[in-house]
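Structure, as structure tokens:
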Amino acid sequence: MPGSADPALLDLLAAPAEAAAVTLLGCSLTHRADDGVVTVRLTEVEAYAGEADPASHAWRGQTSRNAVMFGPAGFLYVYFSYGLHFCGNVVVGPPDEASAVLLRAGEVVDGEDLARRRRGPAVKNAALARGPANLMQALGVDGRHNGEHLLGAGTLALARGTPAPPDRVRQGPRVGVSRAADVPWRFWLSDEPSVSAYRRSPRAEVR
DNA sequence: ACGCCGATTCTC
DNA sequence: AGAATCGGCGTC
């Protein structure tokens with residue numbers, strides 16, 4: 001049932017960020033809005049290891065923006081990026097560690113018409129939820145959803161799907177990150193059209 | 001108070 | 001390669 005809690009999933013999310021990231025691959029995320037329901041199956045994510053991770057928003061400690069990450073696992077941390085985009089993270093790990101997993105891409109498995117209405121008529125099927133900001137736009141999620149519970153009775157529901165075969169999980173450097181750019185904590189599923197093409201940050205140190 | 005730059009995306 | 005466009009965070 002959508003919206004019902006999954007204690008086992010919550011336990012898995014309370015693990016270290018890179019393990020939680022792999023858990024999230026293949027999970028479904030549903031948003032029930034006034035104008036309809038959209039569900040995506042997550043195909044690409046990135047792990048951020050809280051205050052210990054120079055690439056994390058939590059690196060310099062707790063602020064009003066990142067406060068949700070310092071709470072328990074299973075909540076959504078939404079931040080505003082480049083003055084125009086919203087990106088969403090699932091808070092993971094033990095409380096106060098401030099780890100999170102950025103949701104980078106997904107396959108729209110329900111509410112395709114609504115997702116296309118939000119994204120634009122010309123957007124190809126596979127690209128509806130490709131890219132972290134596009135994924136949130138397709139779901140109809142923005143800053144108002146910051147801090148919402150993903151495993152409770154709210155409008156957002158995270159659930160386990162058919163687990164991805166381990167041999168389809170790929171791993172590589174994170175995208176758009178200038179610090180700790182070589183930490184291979186971007187995870188994605190191979191052979192998924194919704195996975196964005198890899199682009200290293202222009203600001204990442206070259207070696 | 002000021003300025004820089006970003007876990008982006010789309011276009012040229 | 002560059003623009004759009006806002007706020008967070010470091011610095012003066």
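Throughout, protein chains are lettered first and strands after them, A, B, ... in sequence-line order, and every chain is numbered starting at 1. Values in this document were obtained by computation on a predicted structure and should not be read as measured data.
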Protein-nucleotide distance ([X], atom [atom1]; [N], atom [atom2]), rounded to Å:
| X | N | atom1 | atom2 | result |
| --- | --- | --- | --- | --- |
| Glu44(A) | dT8(B) | CD | C1' | 13 Å |
| Asn66(A) | dG6(B) | CG | P | 18 Å |
| Asn89(A) | dT8(B) | CG | P | 11 Å |
| Trp59(A) | dA7(B) | CH2 | C1' | 15 Å |
| Gln62(A) | dC9(C) | CD | P | 11 Å |
| Leu76(A) | dA7(B) | CG | P | 17 Å |
| Arg179(A) | dC4(B) | CZ | C1' | 12 Å |
| Tyr79(A) | dT5(C) | OH | C1' | 16 Å |

Nearest to side-chain heavy atoms of [X], which nucleotide of [options]:
| X | options | value |
| --- | --- | --- |
| His85(A) | dT8(B), dC9(C), dA7(B) | dT8(B) |
| Ser178(A) | dG6(B), dT8(B), dC9(C) | dG6(B) |
| Phe80(A) | dG6(B), dC6(C), dC9(C) | dC6(C) |
| Tyr48(A) | dC6(C), dA7(B), dT8(B) | dA7(B) |
| Arg65(A) | dA7(B), dG6(B), dG8(C) | dG8(C) |

So, does [X] get its side chain near the phosphate of [N], meaning an N or O under 4.0 Å from OP1 or OP2?
| X | N | answer |
| --- | --- | --- |
| Thr63(A) | dC9(C) | yes |
| Arg119(A) | dC10(B) | yes |
| Arg186(A) | dA7(B) | no |
| Arg60(A) | dG10(C) | yes |

Taking atom [atom1] of [X] and atom [atom2] of [Y], what is their separation to the nearest 0.5 Å?
| X | Y | atom1 | atom2 | value |
| --- | --- | --- | --- | --- |
| Leu189(A) | Leu42(A) | CG | CG | 9.0 Å |
| Cys27(A) | Leu150(A) | SG | CG | 10.5 Å |
| Glu148(A) | Tyr77(A) | CD | OH | 16.0 Å |

Fill in: Test item: side-chain donor near acceptor, Thr43(A) and Ser194(A), under 3.5 Å
yes

Worksheet item: Can the ring centroids of His57(A) and Tyr79(A) be said to lie less than 6.0 angstrom from one another?
Response: yes

Worksheet item: Do Arg104(A) and Phe187(A) meet the cation-pi criteria used here (NZ or CZ under 6.0 Å from the six-membered ring centre, within 45° of the axis)?
Response: no

Worksheet, complete the sentence: If pairing means Watson-Crick or G-U wobble with both distances under 3.5 Å, then the partner of dA7(B) is none

Worksheet item: With both distances under 3.5 angstrom, what nucleotide forms a Watson-Crick or G-U wobble pair with dT5(C)?
Response: none

Could you tell me whether [X] contacts a base, only the sugar-phosphate backbone, or nothing, with contacts defined as non-hydrogen atoms closer than 4.0 Å?
| X | result |
| --- | --- |
| Asn134(A) | sugar-phosphate |
| Tyr82(A) | base |
| Ala55(A) | base |

Worksheet item: Taking atom P in both dC2(B) and dT5(C), what distance in whole Å separates the two?
Response: 23 Å

